[in-house]
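What follows is a single structure, written as structure tokens, with notes after it.
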Amino acid sequence: LATYCWRRKGFRGEVAAGLTRAFIQLKIEQKIKATANHPELTDVSLSSLESVHIGLDGLGPLNWLGKRVVLGLVRDNITKIIENKAREIVNTQLLSFSILDQISHIILPSGMQS
């Protein structure tokens with residue numbers, strides 16, 4: 001939940017926004033005959049934002065209209081923020097991960113690995 005308090009020309013209010021669940025789709029590739037031994041993140045997309053909650057106070061009878069406007073803006077911004085943060089986290093983790101190493105641990109018994 002994120003909260004923003006505002007004050008302007010004698011008015012003040014608060015906007016609160018929260019997200020219950022988001023689904024992220026990742027596409028990761030690792031070339032077998034490449035010099036780089038690490039997988040590469042090729043695509044990140046947010047496939048679903050479930051239950052985006054918006055609360056708005058301070059506009060009196062126009063709160064309902066303000067909520068509709070803010071909901072559209074928040075939805076767009078949350079999507080960009082989540083995709084960028086996911087890309088950053090996954091890229092960092094992929095530096096110490098190899099799909100080929102994981103496959104060899106599954107296929108070869110522990111005593112036969114080099």
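In this text, all values refer to a predicted model and were calculated from it rather than measured experimentally. Below, each value reflects all heavy atoms present in this structure, side chains not excepted, and no hydrogens, waters or symmetry copies.
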With L46 via side chain to side chain contact (heavy atoms under 4.5 Å, CB included) - residues at least two apart | A22, I24, L49, T79, I82, E83

With T20, which residues qualify under side chain to side chain contact (heavy atoms under 4.5 Å, CB included), at least two apart?
-> S51, H53

Report all side-chain donor-acceptor pairs from residues 9-18 shorter than 3.5 Å, counting only partners two or more places apart or in another chain.
none

Taking atom CD of Q93 and atom CG of N91, what is their separation to the nearest 0.5 Å?
-> 10.5 Å

With sequence neighbours excluded, residues passing side chain to side chain contact (heavy atoms under 4.5 Å, CB included) with Q25 = S45, S47

For residues 55-70, please give each side-chain donor-acceptor pair under 3.5 Å, one per line with the distance, not counting sequence neighbours.
from, atom 1, to, atom 2, distance (Å)
N63, OD1, L59, N, 2.9
N63, ND2, G60, O, 3.3
W64, NE1, P61, O, 3.1

Test salt bridge (charged side-chain N to carboxylate O under 4.0 Å, His left out) applied to E29 - qualifying residues, sequence neighbours left out | K27

Salt bridge (charged side-chain N to carboxylate O under 4.0 Å, His left out): which pairs involve residues 86-95, sequence neighbours left out?
-> K85-E88

Decide whether Y4 and V74 are clustered together by the hydrophobic rule: side chain heavy atoms of Ile, Leu, Val, Met, Phe, Trp, Tyr closer than 4.5 Å, transitively.
-> yes

From L19 CG over to I81 CD1, what is the distance, rounded to the nearest 0.5 angstrom?
-> 11.0 Å

Decide whether I28 and V44 are clustered together by the hydrophobic rule: side chain heavy atoms of Ile, Leu, Val, Met, Phe, Trp, Tyr closer than 4.5 Å, transitively.
-> yes

Considering all heavy atoms of both residues, which atom of L71 and which atom of V52 are nearest to each other, and what is their separation?
-> CD1-CG1, 3.7 Å

